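Since the model is a prediction, treat every value here as computed from it, not as a measurement.
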Amino acid sequence: MPSLRQQIRDYYAAHTLSPERADEILRAGRDAVSGEHAPKVIAFQRWPRVLALAAAVAMFIGLVFLVVPQRPAVVPFAALAPRVIDFFGGAPTLPKISQDKAALHEWLLAKGAPEFTIPAKLATLESYGCSVVDVQGQPAYLTCFWRKKNPDGSGGELIHLLAVRSDHFRDAPRGREPQTREIDGWSFASWAEGAVTYTLAAVAPLEQVRAFVAVAPSPVRVLAAVSF
């Protein structure tokens, strides 16, 4: 029986294939069988392990982000006042309207507000509603009160209390001595108690806003069980 080499030569001779081409094909077959290309096969077989390792690393990084608290971005406290003016410039509809201060307080806590207090002089006013104002990605928790009401009950002038977490805002007040500013007919007075910074804002002269700032005696804490 003719050898494999001779059979290949005879086959390709009948098909006008040169003996040199037949030798080339035969050498390629021998190389594949002898393992010349084995390293490529082995490298291919390593891919599942490489992919599994990459998946494990990605999972570890994901767990780190889930377990380790990420510090929120800090924004300049100076951005609060212009944002309040812009917020009310759009005639917003407050999502929570109530004359029950405790209900407004609980609504804001449910939205993530820190435990906050209402200045005693402000707590005597009739409440209107509340909202959460976004200040460059950080929330400011807003409660509105009627500073003056029209005799016919059709509206009046509001004063606004905003509470923020002090460490979310750069250069926020750190003491109870109020910092004040006036912008475009608005007046602002800001101070801090503990980890919370408060701001009173109104379209009114600054002295009228300062009259409601929390000073001794301490402000009144609003609790759900208390009605006003």
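Between the CG atom of Leu162 and the OH atom of Tyr141 there is a distance of 12.0 Å, given to the nearest 0.5 Å. Distance CZ/Phe77 to CZ/Arg170: 12.5 Å, rounded to 0.5 Å. The distance from the CG atom of Leu122 to the OG atom of Ser127 is 10.0 Å, given to the nearest 0.5 Å. To the nearest 0.5 Å, the span separating CD on Glu126 from NZ on Lys101 amounts to 7.5 Å. The line from CG of Leu125 to CD1 of Ile159 is 7.0 Å long, rounded to the nearest 0.5 Å. With rounding to the nearest 0.5 angstrom, the CD atom of Gln99 is 10.5 Å from the CD1 atom of Ile97.
A donor-acceptor pair is defined here as one N or O able to donate and one able to accept, closer than 3.5 Å; no such pair exists between the side chain of Thr143 and the backbone of His105. Formation of a donor-acceptor pair under 3.5 Å by the Ser166 side chain with backbone atoms of Ala195 is found in this model. The backbone N or O of Phe116 sits nowhere less than 3.5 Å from a side-chain atom of Tyr198 that would complete a donor-acceptor pair.
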Worked verdict on Leu158 versus Trp146 for side-chain contact (heavy atoms from CB on, under 4.5 Å): CA-CA 5 Å; Leu158 292 169; Trp146 289 111; 3.4 Å; yes
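Minimum interatomic distance between Trp107 and Ser131 (heavy atoms only, all atoms of both residues): CZ3-CA, 4.0 Å. Across His160 and Cys144, no two heavy atoms sit closer than the pair ND1-SG, 3.2 Å. In plain terms, the two heavy atoms of Val135 and Ala140 that are nearest each other are CG2-CB, 4.1 Å. Across all non-hydrogen atoms, the minimal contact from Arg147 to Ala204 is NH2-CB, 3.4 Å. Nearest heavy-atom pair across Gly112 and Arg165 is O-NH1, 2.9 Å.
Cluster membership check: Val164 does not share its hydrophobic cluster with Leu109, using side-chain heavy-atom separations under 4.5 Å among Ile, Leu, Val, Met, Phe, Trp and Tyr. Side-chain heavy atoms closer than 4.5 Å link hydrophobic residues (I, L, V, M, F, W, Y) into clusters, and following such links, even through other members, never connects Leu161 to Leu206. Leu200 is connected to Val132 through a chain of hydrophobic side-chain contacts under 4.5 Å among Ile, Leu, Val, Met, Phe, Trp and Tyr, so both are in one cluster. Ile118 and Leu104 end up in different hydrophobic clusters when Ile, Leu, Val, Met, Phe, Trp and Tyr side chains are linked at under 4.5 Å.
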Without placing hydrogens or testing angles, list every side-chain donor-acceptor pair under 3.5 Å for residues 84-95, not counting sequence neighbours.
{"from": "Asp86", "atom 1": "OD2", "to": "Arg83", "atom 2": "NH1", "distance (Å)": "3.0"}

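Evaluation of the side chain to side chain donor-acceptor pair (under 3.5 Å) test over residues 177-188, restricted to residues two or more places apart or in two chains, returns none.
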